[in-house]
Amino acid sequence: MTLKECYEALGGNYEEVISRLRSERLVQKFTLKFLDDKSLELLKESLQSENYEEAFRAAHTIKGICQNLSFDRLLASDNALTEALRNGKSPEADSLAKQVFADYEQTVSAIREFQASIG
C-alpha cells in the first residue's frame, strides 16, 4: 500500500497534506506518529466520567491533528463533536462521539495497513 492509497482508505486529502508538508517522508512520519497519540483514549475516558471540559480539549486536539494531516473524514466528525462539547454536554454528543470512534478506527486501520506494507 502506498501512502496515497492509505490516505484514500482513511478518507484523507493526500494532495493537500503534501502541499502543506512538502515531503512524502514528513507526511509518512507524522501519519505513523498518529498511532501513538492518546487523545482518543482521553476523549473516551472524559466522556465516561462526564468531564466535558476535558473531553472538549481531547476532541479539539484530535481536530488539530486531523487538520494538519488532512484526515478529512475524521476531521469532519470530530469537528462536529468538538463544537457539541464546546459549552459542556449537548444532546447530540453521544451519537457524534460514536461516529468519531468509528472514523478514528477506520483511520487507524488504514495507517496500520500502510505500516505493515512498508515493513
Side-chain angles (χ1 to χ4, degrees):
M1 169 183 264
T2 67
L3 186 57
K4 186 173 184 175
E5 290 168 336
C6 174
Y7 262 75
E8 289 169 9
L10 62 80
N13 187 329
Y14 179 78
E15 287 75 22
E16 184 178 286
V17 73
I18 286 291
S19 72
R20 181 178 306 109
L21 296 181
R22 304 265 187 223
S23 160
E24 186 167 299
R25 184 184 60 74
L26 277 178
V27 173
Q28 178 178 317
K29 174 185 173 183
F30 290 115
T31 296
L32 293 174
K33 272 182 100 50
F34 183 77
L35 297 174
D36 299 328
D37 183 71
K38 302 297 182 207
S39 298
L40 187 76
E41 291 170 28
L42 179 59
L43 176 61
K44 285 181 179 180
E45 291 168 7
S46 300
L47 288 171
Q48 279 184 329
S49 65
E50 298 183 3
N51 182 344
Y52 299 111
E53 186 176 320
E54 190 67 35
F56 169 77
R57 279 196 292 276
H60 196 272
T61 298
I62 294 168
K63 176 182 162 183
I65 294 167
C66 290
Q67 283 178 319
N68 288 332
L69 292 175
S70 299
F71 291 173
D72 292 353
R73 180 182 299 130
L74 180 54
L75 173 60
S77 62
D78 187 69
N79 185 53
L81 178 60
T82 300
E83 292 310 310
L85 293 170
R86 186 171 293 280
N87 296 309
K89 183 173 170 116
S90 68
E92 65 274 4
D94 290 338
S95 63
L96 292 171
K98 287 178 186 169
Q99 185 61 53
V100 168
F101 300 154
D103 290 344
Y104 195 98
E105 198 52 48
Q106 185 175 12
T107 300
V108 166
S109 177
I111 295 170
R112 285 192 177 126
E113 186 178 338
F114 170 69
Q115 185 179 43
S117 75
I118 61 172

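When a residue number appears, it is its place in the shown sequence, counting from 1.
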Colleague: Could you check whether any side-chain heavy atom of L81 comes within less than 4.5 Å of a side-chain heavy atom of I62, counting everything from C-beta outward?
Modeller: no
Colleague: Which pair of non-hydrogen atoms, one from E24 and one from L3, has the smallest distance, and what is that distance?
Modeller: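 Shortest heavy-atom contact: CG-CD2, 3.5 Å.
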Colleague: Could you tell me which non-hydrogen atom of S46 sits nearest to which non-hydrogen atom of E54, and how far apart they are?
Modeller: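 Nearest heavy atoms, S46 then E54: OG-CG, 3.2 Å.
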Colleague: So if you build clusters from Ile, Leu, Val, Met, Phe, Trp, Tyr with side-chain heavy-atom gaps below 4.5 Å, do L10 and L74 land together?
Modeller: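 Yes: a chain of side-chain contacts under 4.5 Å links L10 to L74.
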Colleague: Walk me through it: do T31 and F71 pass the test side chain to side chain contact (heavy atoms under 4.5 Å, CB included)?
Modeller: CA-CA 9 Å; T31 296; F71 291 173; 4.1 Å; yes
Colleague: Quiz question: by atom type and distance under 3.5 Å, do the side chains of S70 and E16 form a donor-acceptor pair?
Modeller: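 Yes, side-chain donor-acceptor contact under 3.5 Å.
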Colleague: Under 3.5 Å, is there a donor-acceptor pair linking the side chains of D37 and S39?
Modeller: yes
Colleague: If we ignore hydrogens and angles and just use 3.5 Å, is the side chain of S109 paired with the main-chain N or O of E105 as donor and acceptor?
Modeller: no
Colleague: Which atom pair, heavy atoms only, marks the closest approach of L47 to A55?
Modeller: CD2-CB, 3.8 Å
Colleague: Linking I/L/V/M/F/W/Y whenever their side-chain heavy atoms sit closer than 4.5 Å, directly or via other members, would L42 and L75 fall into one cluster?
Modeller: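 No; tracing contacts between hydrophobic side chains, which count when under 4.5 Å, never links both residues.
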Colleague: Working note: D78 + D103, criterion side chain to side chain contact (heavy atoms under 4.5 Å, CB included); need CA distance, chi angles, decisive distance, verdict.
Modeller: CA-CA 9 Å; D78 187 69; D103 290 344; over 6 Å; no
Colleague: Okay, side chain of E41, backbone of K38: is any donor-acceptor separation there less than 3.5 Å?
Modeller: no
Colleague: Which heavy-atom pair separates E92 from A84 by the least distance, and what is that distance?
Modeller: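 Heavy atoms only, the tightest pair is OE2-CB, 3.8 Å.
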Colleague: Do the charged groups of E83 and R86 touch, with an N to O distance under 4.0 Å?
Modeller: yes
Colleague: For Y104 together with F34, are the ring centres under 6.0 Å from each other?
Modeller: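 Yes.
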